[in-house]
Amino acid sequence: MRINRDRLIAFLMILPSLVAIAVFVYGFIGWTARSSVSAWEGLLPDYTFTGLTNFIDLFNTPRFQIDIRNTAIFTVLFISTCLILGLVLAVLLDQRIRGEALFRNIYLFPMAISFIVTGVVWRWLLNPATSLERLSGLNLLFHQAGLDFLISKWYTHPSFGIVAIVIPATWQMSGFTMALYLAGIRSIPEELREAARVDGANELVIYRHIVMPMLKAITLSAVIILGHTSLKIFDLVMAITQEGGQGYSADVPALNMWYTTFRALRFGEGAAIAIVILLTVAVLIVPYLVYTFRSEVEA
Amino acid sequence: MSKKRLPNIIAVTLMFAMILLAGCAAQPSGDLEVFSWWTAGGEAEGLEAMLEVFAEQYPDIVVINATVAGGAGVDARAVLATRMQGGDPPGSFQVHAGHELIDTYVVADQMESITFLYEEEGWLDVYPPDLIEILSYDGEIWSVPVNIHRANVLWYNAGVFTEQGLTPPTTMDDFFAVAEVLEDGGIIPLSLGESWTVVHLFETVLLGSMGPDAYSGLWNGSTDWGSSQVTQALENFDRMLDYVNEDFAALSWDQATQLVIDGTAAMNIMGDWAEGYFKAQGWTPGIEFGWVASPGSSGAFDALSDSFGLPKDAPNRDAAIAWLRVCGSKEGQDAFNPIKGSIPAHTGGNRGLYDQYLQSAMDDFASDAIVPSLMHGAAASPSWQQDIIDAVALFLGGRDVSAFQAALVAAAGDAGY
């Protein structure tokens with residue numbers, strides 16, 4: 001009966017976190033889902049079932065339509081820029097350069113800072129004044145470098161404010177992508193590369209035909225991690241734009257959810273936004289979970 | 001003894017009896033939690049001054065000063081809402097007078113009416129009827145206003161106006177004429193800040209274009225949001241936005257005020273808390289900076305007020321009522337307001353304590369039509385207010401007046417008007 005006793009102890013060890021997760025993650029998801037189909041507006045909970053009314057209303061509001069567009073633009077630009085920059089940095093660092101550890105840390109450090117802190121700094125750097133006497137931050141830098149055509153309204157641009165948010169987000173997360181790729185490249189057995197060199201392949205061909213194909217799994221992990229960061233992004237946008245930029249051109253669903261829930265006190269509609277965010281993240285994550293689960297079983 | 005003197009004697013006897021009774025009745029004691037978002041400079045000190053007055057009058061009550069910083073009260077309101085939902089109300093809490101209180105807590109049946117306090121303290125005679133109207137719902141009064149701020153004030157850099165040979169505008173037409181001259185002179189006519197300050201500007205334009213009666217009617221259904229009067233106001237607003245600093249979405253209200261101080265901009269429409277900012281920069285009211293009612297709105301006082309109410313099941317009801325008595329009293333308000341830089345809601349305030357601007361505001365408050373502020377919680381429910389904030393923000397994106405008006409009509413419809 002020894003095995004059973006071990007199992008019992010193991011079960012007891014994970015029980016507290018199991019209970020905590022059941023209540024504080026799944027319980028609250030359930031509660032939010034229930035609220036999202038209720039008429040709850042104002043302070044007192046009102047669980048009158050209203051079906052999908054909140055969702056239909058939501059998709060009909062211009063602000064939420066802009067949010068969806070912004071999330072799409074942000075996600076595509078953010079993920080692709082991070083992947084490209086991360087890969088380039090990793091390949092550069094892979095050249096066994098001197099002081100590699102130093103560079104690795106420099107690129108990775110931004111990730112250690114909270115989005116709120118970087119947001120405050122970038123809010124200042126991305127100062128949107130464009131008239132010459134009031135330039136500041138990046139705009140001033142561009143002007144002094146003679147690059148006046150780069151001067152921009154940044155996050156207050158009336159239609160593409162969200163693109164400006166991609167810059168700080170990429171700055172913060174591309175180092176992390178680099179670390180992932182670097183680990184991936186280093187895990188490729190040196191013999192493979194040696195063999196290719198013996199066969200007369202140059203470095204470019206080695207990256208193209210040996211390294212890149214073996215990084216597919218890394219890319220997938222990176223897309224998952226960056227993707228859910230970008231779909232849920234709140235703190236960075238809050239710190240930079242406060243209320244979503246001019247004409248909500250930099251607004252995102254999470255920001256909308258905060259104002260809808262806690263300023264307008266429309267708890268039902270706020271919960272509906274939260275559920276939409278959860279579903280979009282799930283669309284990204286669930287296939288990945290199924291995939292990893294299957295490969296674990298096979299292994 | 002004549003018959004006339006008998007009632008007097010009875011009255012005097014009764015008075016003595018009451019004084020005796022009052023002396024015997026236990027003074028309220030225990031802990032009282034006062035919840036507010038007054039954490040910054042003058043307002044925190046003003047609260048301290050009022051708490052001192054309270055401590056003198058009710059030495060047995062221990063006040064727990066619970067403040068939540070940040071976001072012009074948005075964060076504090078989120079904390080408060082959670083506590084009220086959880087059945088853990090503070091003794092008394094700060095809330096914007098008017099619909100923010102009524103539509104959040106009164107309709108949810110979480111407040112106790114305090115009409116009785118107004119009757120006992122004789123406040124019905126010393127608070128303006130327009131203000132009582134804003135505080136009332138269902139025939140009852142729900143909170144005690146501690147201070148009054150005015151939203152519809154146009155602040156101007158007096159030096160710039162003298163240099164350009166201009167006089168401050170009082171009507172919409174004046175404003176546009178002045179703005180043209182300033183723009184030609186290379187000065188930003190009107191400084192503006194982030195989105196809530198745009199909504200603030202918007203409400204003063206509604207008021208200035210439509211007049212106090214029609215403006216007040218917007219909030220009770222008697223003025224139609226689809227009317228041509230509103231269209232005219234929206235067109236004025238649209239035109240006004242042509243004269244503001246391009247980076248407004250990135251500036252806080254005080255950074256916008258700073259533009260006027262720097263002389264980069266000439267005018268700023270902001271609530272009268274801006275006066276404290278001018279003074280903090282060493283400027284004297286009436287010398288370096290001046291003020292007039294925002295264009296078209298003279299004779300109207302767009303008011304917002306911080307008030308305290310009595311939650312149902314307050315942990316220490318007697319102490320909370322004692323606190324409300326001090327909040328509503330002349331002494332309490334004269335301790336708080338000169339430091340906060342606002343005027344007392346109580347019309348009997350001691351004028352000598354207030355500076356030149358505040359004295360002029362006290363005069364206007366006593367004589368003008370008082371209307372509720374939208375952005376500062378007095379005019380509309382939080383939900384309706386958010387719809388209008390959204391409509392204004394979207395208007396800034398496309399500047400489409402008819403779509404803007406349609407959104408405002410829809411928002412009023414959602415709010416039940």
Side-chain angles (χ1 to χ4, degrees), chain A residues 40-46 57 60-67 123-137 139 152-161 164 238 240-251 256 258-270, chain B residues 71-75 77-85 100 103-110 186 188 193-199 245-252 259 262 264-265 377 381-400 403 406-407 410 414:
Chain A
W40 185 359
E41 183 176 325
L43 202 63
L44 278 191
D46 171 2
D57 286 352
N60 279 324
T61 54
R63 179 173 182 178
F64 194 69
Q65 290 163 1
I66 294 177
D67 290 346
R123 177 180 164 83
W124 173 72
L125 286 174
L126 298 177
N127 189 309
T130 56
S131 62
L132 285 189
E133 64 275 16
R134 301 194 44 233
L135 291 178
S136 149
N139 281 349
S152 159
K153 284 175 71 75
W154 302 117
Y155 62 94
T156 63
H157 188 284
S159 36
F160 289 104
M238 184 71 164
I240 295 181
T241 72
Q242 320 265 317
E243 301 216 23
Q246 193 172 329
Y248 289 139
S249 70
D251 197 39
N256 190 348
W258 157 255
Y259 283 114
T260 302
T261 313
F262 295 109
R263 189 159 72 186
L265 300 179
R266 294 197 287 254
F267 286 90
E269 197 183 317
Chain B
V74 175
D75 299 346
R77 288 202 285 276
V79 172
L80 180 65
T82 315
R83 288 188 54 176
M84 297 289 278
Q85 275 174 358
E100 186 176 307
D103 290 325
T104 312
Y105 299 111
V106 177
V107 296
D109 198 27
Q110 298 201 318
I188 297 166
E194 63 196 334
S195 60
W196 74 261
T197 71
V198 183
V199 180
N245 45 305
E246 41 160 11
D247 61 338
F248 65 88
L251 301 187
S252 57
L259 291 183
D262 295 342
T264 315
S381 71
S383 176
W384 190 3
Q385 182 199 39
Q386 183 66 44
D387 282 342
I388 297 176
I389 292 171
D390 284 351
V392 171
L394 292 168
F395 175 66
L396 294 175
R399 298 284 286 275
D400 179 344
D414 284 349

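In this text the structure is predicted, and so the values were computed from the model without any measurement. Naming convention: chains lettered A, B, ... in sequence-line order (proteins, then strands); numbering from 1 in each chain.
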With only heavy atoms counted, which part of [X] is less than 4.5 Å from chain A, the side chain, the backbone, both or neither?
{"X": "B:Glu100", "answer": "neither"}
{"X": "B:Ile388", "answer": "neither"}
{"X": "B:Ser195", "answer": "side chain"}
{"X": "B:Ser381", "answer": "neither"}

Within the structure provided, determine whether [X] and [Y] are in side-chain contact (heavy-atom separation under 4.5 Å).
{"X": "A:Glu243", "Y": "B:Val198", "result": "no"}
{"X": "B:Gln386", "Y": "A:Arg63", "result": "yes"}
{"X": "B:Leu259", "Y": "A:Arg134", "result": "yes"}

Just give me the residue among [options] that pairs up with chain A most often, heavy atom to heavy atom, under 4.5 Å.
{"options": "B:Ser383, B:Gly398, B:Ser252, B:Ala81", "answer": "B:Ser383"}
{"options": "B:Asp390, B:Leu396, B:Asp103", "answer": "B:Asp390"}
{"options": "B:Ala410, B:Ala249, B:Ala250", "answer": "B:Ala250"}
{"options": "B:Asn245, B:Ile389, B:Val392", "answer": "B:Ile389"}
{"options": "B:Trp384, B:Phe395, B:Tyr105", "answer": "B:Tyr105"}

Nearest-0.5 Å distance that lies between atom [atom1] in [X] and atom [atom2] in [Y]:
{"X": "B:Glu246", "Y": "A:Thr130", "atom1": "CD", "atom2": "OG1", "result": "3.0 Å"}
{"X": "A:Asn139", "Y": "A:Ser152", "atom1": "CG", "atom2": "OG", "result": "6.5 Å"}
{"X": "A:Gln246", "Y": "A:Thr241", "atom1": "CD", "atom2": "OG1", "result": "12.0 Å"}
{"X": "A:Asp46", "Y": "A:Phe267", "atom1": "CG", "atom2": "CZ", "result": "12.5 Å"}
{"X": "A:Gln242", "Y": "B:Glu194", "atom1": "CD", "atom2": "CD", "result": "5.0 Å"}
{"X": "A:Leu126", "Y": "A:Lys153", "atom1": "CG", "atom2": "NZ", "result": "13.5 Å"}

### Message
Tell me the closest heavy-atom pair linking B:Asp247 and A:Ala129, and the distance in Å.
### Response
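Taking every non-hydrogen atom into account, OD2-CB, 3.6 Å.
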
Counting only heavy atoms closer than 4.5 Å, note whether [X] contacts chain B via side chain, backbone, both or neither.
{"X": "A:Trp124", "value": "neither"}
{"X": "A:Arg263", "value": "both"}
{"X": "A:Ile240", "value": "neither"}
{"X": "A:Glu133", "value": "neither"}
{"X": "A:Thr61", "value": "neither"}

### Message
Heavy-atom pairs under 4.5 Å with chain B: which of A:Ser249, A:Ser159, A:Ser131, A:Gly42 has the most?
### Response
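The candidate making the most pairs under 4.5 Å is A:Ser131.
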
